[in-house]
Protein chains: 2
Amino acid sequence: MNAVFEALSHPVRRKIIQQLKRGPKSAGELADMFELTKPTMSTHFAKLKSADLVSTKRDKNTIIYSLNMSILERALAELIDFGGDKDDDK
Amino acid sequence: MNAVFEALSHPVRRKIIQQLKRGPKSAGELADMFELTKPTMSTHFAKLKSADLVSTKRDKNTIIYSLNMSILERALAELIDFGGDKDDDK
DNA sequence: AATCTAATTAGATTATAGTCTAAATAGGTG
DNA sequence: CACCTATTTAGACTATAATCTAATTAGATT
């Protein structure tokens, strides 16, 4: 859960998530939507992935990213719904 | 919205929010729940406040923090619900 | 196998965040 | 008004994050 909220803290990563809600996209397609270098975008992808917010599959030599909506929903639901003395760090 | 997600990125600040869901609390009460100094806690409060996630009122010489649940809900709802090409930075 | 394309990793730099101790502020209270 | 209590601000230090260029990997194609 910590990793999810850290991932969500950067505006570019939230925009990547918005894009992936419309459907899976390759690293290159996503990178082209932002004015950042591909290595920089790659580190953003890595953070989303390490929070399990996205999954990857390979198609020829492009990597396709897709959103794990359930992970996002679960993290936000815990923050909103769950009780006041629960351990937040799991 | 940026400020909200930055505020949510730190586990201590999420725990503060959990506490405030149970009701308003003074700066000192909150600070005593964590193994951090009061100045450090104060900077966490300041971030929550600058994201408008909490409000303050003074009672004698203690400052009472309370949660602005609607701000939290709105930010999370935007992330979950709103369309794939919306500007995320407003 | 040499080469091309897509993407990531390495390494360096700069910026931002988190933390502390010490000092300052702002209201109450004797 | 001098002091006490609660909290914040200042200033310094350390750690982490974001970004870039250059180099590397991994698979596909000729």
Side-chain angles (χ1 to χ4, degrees), chain A residues 1-20 23-68 75 87-89, chain B residues 1-20 23-68 75 87-89:
Chain A
M1 183 165 184
N2 214 359
V4 172
F5 282 102
E6 268 174 38
L8 294 176
S9 70
H10 197 290
V12 164
R13 290 191 293 262
R14 291 198 303 278
K15 287 180 190 167
I16 292 169
I17 288 172
Q18 297 300 337
Q19 287 302 323
L20 292 180
K25 291 196 174 42
S26 72
E29 284 178 306
L30 287 167
D32 289 345
M33 297 173 169
F34 298 86
E35 304 208 319
L36 292 169
T37 64
K38 287 178 185 194
T40 295
M41 291 300 292
S42 197
T43 71
H44 287 308
F45 301 152
K47 292 213 175 187
L48 290 168
K49 197 171 176 186
S50 87
D52 202 30
L53 280 167
V54 302
S55 305
T56 53
K57 76 169 197 217
R58 177 176 278 274
D59 175 26
K60 296 184 177 173
N61 54 5
T62 77
I63 307 279
I64 307 292
Y65 282 90
S66 50
L67 179 61
N68 294 338
D87 182 11
D88 186 52
D89 272 352
Chain B
M1 182 166 184
N2 215 359
V4 173
F5 281 101
E6 269 174 36
L8 294 177
S9 71
H10 196 290
V12 164
R13 291 191 293 262
R14 292 198 304 278
K15 287 181 190 167
I16 292 169
I17 288 172
Q18 298 301 337
Q19 286 303 323
L20 291 179
K25 291 195 175 43
S26 73
E29 284 178 307
L30 287 168
D32 288 345
M33 297 173 170
F34 297 86
E35 304 208 319
L36 292 169
T37 65
K38 287 178 185 193
T40 296
M41 291 301 293
S42 196
T43 71
H44 287 307
F45 301 152
K47 291 212 174 186
L48 289 168
K49 197 171 176 185
S50 88
D52 202 27
L53 280 167
V54 302
S55 304
T56 53
K57 76 169 196 218
R58 177 176 278 274
D59 176 26
K60 294 184 178 176
N61 55 3
T62 76
I63 308 277
I64 307 292
Y65 282 88
S66 51
L67 179 61
N68 293 339
D87 182 10
D88 186 53
D89 272 352

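The sequence lines fix the lettering, A, B, ..., with proteins before strands; numbering per chain opens at 1.
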Round to the nearest Å and state the distance from Lys60(A) atom NZ to dT30(D) atom C1'.
15 Å
Mind checking the NZ-OG spacing from Lys49(A) to Ser55(A)? Nearest 0.5 Å is all I need.
8.0 Å
How many whole angstroms separate atom CZ of Phe34(B) from atom P of dT19(C)?
11 Å
Residues that Thr62(B) engages under side chain to side chain donor-acceptor pair (under 3.5 Å), provided they are two or more places apart:
none
Rounding to 10°, can you tell me the angle the first-five-pair axis of the helix from dA1(C)-dT30(D) to dG30(C)-dC1(D) makes with its last-five-pair axis?
10°
Using a 4.0 Å cut-off on heavy atoms, which residues in residues 23-31 of chain B reach DNA chain D? List them by number, or say none.
Ser26(B), Ala27(B), Gly28(B)
Pair Lys15(B)-Met33(B), side-chain contact (heavy atoms from CB on, under 4.5 Å): steps then yes or no:
CA-CA 10 Å; Lys15(B) 287 181 190 167; Met33(B) 297 173 170; over 6 Å; no
Could you give the CD1-to-C1' distance, from Ile63(B) to dT8(D), as a whole number of Å?
9 Å
Closest heavy-atom contact between Leu53(A) and Leu67(A)?
O-CD1, 3.4 Å
Quick one: side chains of residues 38-47 of chain A, donor-acceptor pairs under 3.5 Å with protein atoms, not counting sequence neighbours, listed by atom name and distance.
| unit_1 | atom_1 | unit_2 | atom_2 | d |
| --- | --- | --- | --- | --- |
| Thr40(A) | OG1 | Thr37(A) | OG1 | 3.0 |
| Thr43(A) | OG1 | Thr40(A) | O | 2.8 |
| His44(A) | ND1 | Arg13(A) | NH1 | 3.1 |

Listed by chain and number, what are the side chain to side chain donor-acceptor pair (under 3.5 Å) partners of Ser50(B), not counting sequence neighbours?
none
For Leu8(A) versus Ile17(A), what's the shortest heavy-atom pair and its separation?
CD2-CD1, 3.5 Å
How close do Ala75(B) and Val4(B) get, counting heavy atoms only, and between which atoms?
CB-CG1, 3.7 Å
Roughly how far, to the nearest 0.5 Å, is the CG atom of Leu48(A) from the CG atom of Leu20(A)?
8.0 Å
Identify the two heavy atoms, one from Ile64(A) and one from Pro24(A), that lie closest to each other, and give their separation to 0.1 Å.
CG2-CB, 3.7 Å
Any chance you could list the contact pattern along nucleotides 11-26 of chain D? Use B for base contacts, S for sugar-phosphate-only contacts and - for none, protein heavy atoms under 4.0 Å, 5' to 3'.
------SSBBBB----
